[in-house]
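All values reported here derive from a predicted model rather than from experimental measurement.
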Amino acid sequence: MSTIDVRPVRTRRERRTFLTFPWRIYRGDPLWVPPLLPERARAIDPERGAFFQRGGEAKFFIAWRDGEPLGTICAGEDRFANQNRGKRECVIGFFEYVDDYEVAEALLDRAAAFAGARDLNALWGPFNLDYEDSYGVLIEGRDRPPALLCGDTPPYYQDTMERYGFGPARGDNIALALDLDLASRPLQRLSRLARKVRERRDFTVRDVDLSRWDEEVDRIHHLLNASLSYLPDHIGWHRGALESTLASFRAIADPKMILFAEAEGETVAWFPGIPNLNEAFIHANGLRYPWDYVRLWWHMRRQPECLTIKSGLVLPEYWGSGVIVLLFDEMARRAVAKGYTWIDASLTSVDNPNTPHLAKHMGGEIYKRYRVYRLYL
């Protein structure tokens, strides 16, 4: 058998091969939501990508055999994250490959060589240069498509990571599904709890104020870094990267579904609900061809069934105050009024002290589980 040759991406044609390689793995999978190629192209562009804008370095590789691409990987040094966390780790991502362990091994060996040349002591991921988009390996939950920003991987990806020597980097990340039936027992119980919170505490729930966007981003930035600092691998958000991420949602978000909670004039919690656009993206073929834009436009006209909640942030001093119950109740009522039939809460860590417990208490069920891995070199 011919040898596997792992080479860096150099030409425009190779970049296109790198970006479109997932179609070779997932074509025919009815649950796969193809990534939007314009967004992926921006992410890997050193001139435009948020990862590079905050000082990161990354190289992209393709595994070839007899002129046929068999897999891809990205190896990167996120200097901002390493400095904040006191680490020397190499981020891996865009890790896609045929069901052949030798191909995966060759790609990981190349990533390890990238790390060694920069005195980095671990491989960590997978992350596609974005810690909020399609990260981790899917461990369970292959009965329905993923929600916005969640990914999909074949079962053999988990076997590959463990065979190569990776171990879990932290607690798994989970996606929870909650049916929106205000007459159901769980949501009735939630309503009663929220009423008690209102009687006991003077919280104010408000919508996002888009006319004061910079101030709102500052509030979210503070909440993110303060409320998630307990996580063992918390990176800390770069203000510019956060603003870039939020800007992409600003165009699609309904301000009535982006909620803040305040106490005595201080913003203490944030609870954003976003239409699950994966219901449209799954039909758009990643916008590979001009006619795919028409298909996307057609499906974007439909009311999504799912509202996805990507984050629930509460300042630590307000954990246990009931403010998250208040926000969940308000969100559920608004979502029903808008025509949504279920809520996706993703991704949240099993280490999170609030969201998984509350979602299960409301009748939510785990429907997907993802795992981030680490290997010390």
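Residues Pro34 and Trp23 form a side-chain contact, since some pair of their non-hydrogen atoms from C-beta on lies under 4.5 Å apart. In this structure the side chain of Val137 reaches within 4.5 angstrom of the side chain of Tyr373, judged on heavy atoms. Between Phe166 and Leu123 the shortest side-chain heavy-atom distance falls below 4.5 Å. At least one side-chain heavy atom of Arg334 sits under 4.5 Å from a side-chain heavy atom of Leu259.
Contact detail for Phe271 and Gly312: the closest heavy-atom pair is CD1-CA, 3.8 Å. Nearest heavy atom pair, residue Trp124 against residue Ala169, reads NE1-CB, 3.6 Å. For the residue pair Leu176 and Thr348, the shortest heavy atom distance occurs at CD1-CG2, 3.7 Å. Met161 approaches Gly125 most closely through the heavy-atom pair CE-O, 4.4 Å. Scanning all heavy atoms of the two residues, the minimum distance from Val314 to Ile324 falls at CG2-CD1, 4.0 Å. Across all their heavy atoms, Gly71 and Phe21 have their closest contact at N-CZ, 3.4 Å.
For Arg42 and Asp45, the salt-bridge test fails: no basic side-chain N is under 4.0 Å from an acidic carboxylate O. Residues Asp5 and Arg65 are not paired through a salt bridge, judged by the lack of any N-O separation under 4.0 Å between the basic side chain and the carboxylate. One finds a salt bridge joining Asp78 and Arg54 here, because a Lys/Arg side-chain nitrogen approaches an Asp/Glu carboxylate oxygen to under 4.0 Å. Taking the charged nitrogens against the carboxylate oxygens, Glu89 and Arg374 do have a contact shorter than 4.0 Å, which makes a salt bridge. Under the 4.0 Å criterion applied to side-chain N and carboxylate O atoms, Glu105 and Arg163 are not assigned as salt-bridge partners.
Among residues two or more places apart in sequence or in another chain, the salt bridge (Lys or Arg N to Asp or Glu O under 4.0 Å) test is passed with Glu216 by Arg206, Arg219. Taking Arg40 as the reference, nothing meets the salt bridge (Lys or Arg N to Asp or Glu O under 4.0 Å) condition, with sequence neighbours excluded.
A side-chain N or O of Asp344 and one of Tyr367 form a donor-acceptor pair less than 3.5 Å apart. Of the N and O atoms on the side chains of Ser346 and Tyr370, not one donor lies less than 3.5 Å from an acceptor on the other residue. Under 3.5 Å, the side chains of Asn285 and Trp291 contain no donor-acceptor pair of N or O atoms. Side chains of His221 and Asn225: a donor-acceptor N/O pair is present below 3.5 angstrom, by distance only.
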Check your understanding: Can you check side chain to side chain contact (heavy atoms under 4.5 Å, CB included) on Cys74 and Asn128, steps first, answer last?
Key -> CA-CA 8 Å; Cys74 166; Asn128 293 342; over 6 Å; no
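Taking the six-membered ring for Trp and the full ring otherwise, Tyr156 and Tyr101 have centroids separated by 6.0 Å or more.
Between Tyr157 and Phe95, the angle of the ring planes lies from 30° to 60°, which puts this pair in the tilted group. Ring orientation note: the planes of Phe94 and Phe60 are nearly perpendicular, at an angle over 60° on the 30°/60° scale.
Put simply, the side chain of Ser191 never gets that close to the backbone of Gln188: no donor and acceptor are under 3.5 Å apart. A donor-acceptor pair under 3.5 Å links the side-chain atoms of Asn278 to the main chain of Ala147, judged by distance alone.
Among pairs with a residue in residues 15-38, those fulfilling salt bridge (Lys or Arg N to Asp or Glu O under 4.0 Å) read Arg24-Glu68, at least two apart in sequence or across chains.
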